Amino acid sequence: MSARWRLLLPALLLALAAGMATAADNDAAGEAPGPQEELYQAALRALAEGRPNDATDMLSRLIEQQPRHAGAWLELAITQCDLGNADEAERLFRQIEQRFNPPPGILEVIATHRARGCQRLDSVRPASWQLAVGRGHDSNVNQGTYNSSFTIGGTPGELTPEFLPHADSYQALSASYVRPLNAVGSMAIVQLYDRRNDHEHSQDSASVLAGVEHAWTLGRWRARATGAYSAITLDGKLYQRQEQVQLRASPPVTLPDKLDFAAMLNVSHVSYPSRPAYDGNTLELGGVLSYRGKADQGQFILSKLHDNGSSARPGGNRDGWYASAQWYTVLGRDLYGEAALSQQFWRGSSVYSPDLVDIVRRQHTTSARAALQWYFRQNLSLHLEGRLVRNRENISLFEYNSRALQLSLRWDNF
């Protein structure tokens, strides 16, 4: 089905449902619509994720449970047509015409597929990509502490200027590429980022991330697994490597309309080639609540953290929590808004450095972000983003604030 028809289909299905309401009333009496509607939404998600075979199985089960579900009949017929099963698609089209007396919009959809012919389409979605070039200013590119006075081992001191905040402007280049690997929910992900400061070149950074993601269903459960590798350079030298595996699983629970919940398990290993004492393994366990409306989308995350560091790492192991909220909205024609707020807390398991910094480190980081994106031409947009970071600690040497503003030109094929 073309993208145009996928966008129009919800309205057409509502019209079809209205046209068959009287005939359906008797059949629907005594049925519990919740599980059937949940199964229908799962089938639509499978289609959106490029898994037509999974969607076919779910739609067939739904029709067995609720024979008067017009949307399931039509989606199943179109999916069979797109899979090249012409005879089965035609049988389903005729059943729809006979059972539901569909309105003109639905008849047009059926006629379009009959005229085109049910030849198998490439069920693997095309790759998506984005390129962006930006210019920005950061009030603290080196994460310098705002408090120049400190005490170590009971002896007061004063930091030299190199450890205080350095403001600078920069240019940034980023690219992302997502390619579906098959029709059953697997995709490859590549992201690149490069940032060059005007003056503080010791803080120039670049990163690369490569990953694979796979989505599947098991009964009424939905799951998504992601594996990724990333590397970051600082001043042209390898600074950090990270391997990460994440699993999200959505249980078969009934939630209010437009809401979705998934449990999350994230395991990662971080290594620092030049500072191996700071290597660590992090375990994150939490939940993700998502909202999807016509003009708004939101995501809320709450998770528990445990970081098992090397025996030589100052402060030992760490425990903490993470919370974030993101919101996306349509503000007007070709204008979109985004806002995000996150909180992260860490507490060490032992004193940071005996006899020098003889306290257990506690870190509380707050990040806020707001952005506007304006598509002034198809696939071309301007993206204005502001970021605030406030890092509060009981060791003053590590406290810092940062403010950044960036304007980017983006080119994508979304």
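Since we're looking at a predicted model, the values are computed, not measured.
By the salt bridge (Lys or Arg N to Asp or Glu O under 4.0 Å) test, E284 pairs with no residue at all, sequence neighbours left out. In this view, Q299 and R248, V288, S290, I301, Q326 satisfy the side chain to side chain contact (heavy atoms under 4.5 Å, CB included) rule, not counting sequence neighbours. Shown here are the side-chain hydrogen bond (donor to acceptor under 3.5 Å, both in side chains) partners of Q344, two or more places apart in sequence or in another chain: there are none. Taking the side chain to side chain contact (heavy atoms under 4.5 Å, CB included) definition, one finds that A89 meets it with Q80, C81, F93, C118, sequence neighbours left out. Judged as a salt bridge (Lys or Arg N to Asp or Glu O under 4.0 Å), and not counting sequence neighbours, the contacts of R318 are D307.
Cation-pi geometry between R195 and Y170 is satisfied (NZ or CZ under 6.0 Å from the ring centre, within 45° of the ring normal).
Between the side chains of N401 and R392, at least one donor-acceptor pair of N or O atoms lies under 3.5 Å. Side chains of S396 and N147: no donor on one and acceptor on the other come within 3.5 Å. With hydrogens and angles left out, the side-chain atoms of Y352 and N394 include no donor and acceptor closer than 3.5 Å. In this structure, a donor-acceptor pair under 3.5 Å is absent between the side chains of E399 and T145. Side-chain contact, S205 with Q203: no donor N or O sits under 3.5 Å from an acceptor N or O. With hydrogens and angles left out, the side-chain atoms of Q246 and T226 include no donor and acceptor closer than 3.5 Å. With 3.5 Å as the limit, one finds a donor-acceptor pair spanning the side chains of E158 and S149. Side chains of Q171 and R196: a donor-acceptor N/O pair is absent below 3.5 angstrom, by distance only. In summary, the side chains of S202 and D235 do not present any donor paired with an acceptor at a separation below 3.5 Å, with no hydrogens or angles considered. Between the side chains of D138 and S402, a donor-acceptor pair is found at a separation under 3.5 Å. Residues Y272 and Q240 bring a donor and an acceptor atom of their side chains to less than 3.5 Å of each other. Checked by atom type, the side-chain pair N308/N281 shows no donor-acceptor distance below 3.5 Å. Y40 and Q66 are not linked by any side-chain donor-acceptor pair at a separation below 3.5 angstrom, with hydrogens and angles left out of the test.
The main-chain N or O of N317 is found under 3.5 Å from a side-chain atom of S349 such that the two form a donor-acceptor pair. Side-chain atoms of D168 do not come within 3.5 Å of backbone N or O of N197 as any donor-acceptor pair. Distance alone, capped at 3.5 Å, places no donor-acceptor pair between the D204 side chain and the D198 backbone. Panel note: side chain S139, backbone R403; a donor-acceptor pair is recorded below 3.5 Å. For the pair N140 (side chain) and Q143 (backbone), a donor-acceptor distance under 3.5 Å is present.
For the pair D358 and L356, the minimum side-chain heavy-atom distance is 4.5 Å or more. Taking the side chain as every heavy atom from C-beta outward, D279 and V270 never approach each other to under 4.5 Å.
Ring pair Y336/W374: centre-to-centre distance not below 6.0 Å.
Atom CH2 of W129 is separated from atom CG of L131 by 5.5 Å, given to the nearest 0.5 angstrom.
Contacts classified as salt bridge (Lys or Arg N to Asp or Glu O under 4.0 Å) and involving residues 328-343 (residues at least two apart or in different chains) are given here: E338-R369.
Tested against S169 for a side-chain hydrogen bond (donor to acceptor under 3.5 Å, both in side chains), the candidates H199, E200, H137 yield a single pass: H137. Here the rule is side-chain hydrogen bond (donor to acceptor under 3.5 Å, both in side chains) with E393, and of R361, R362, H364 only R361 fits it.
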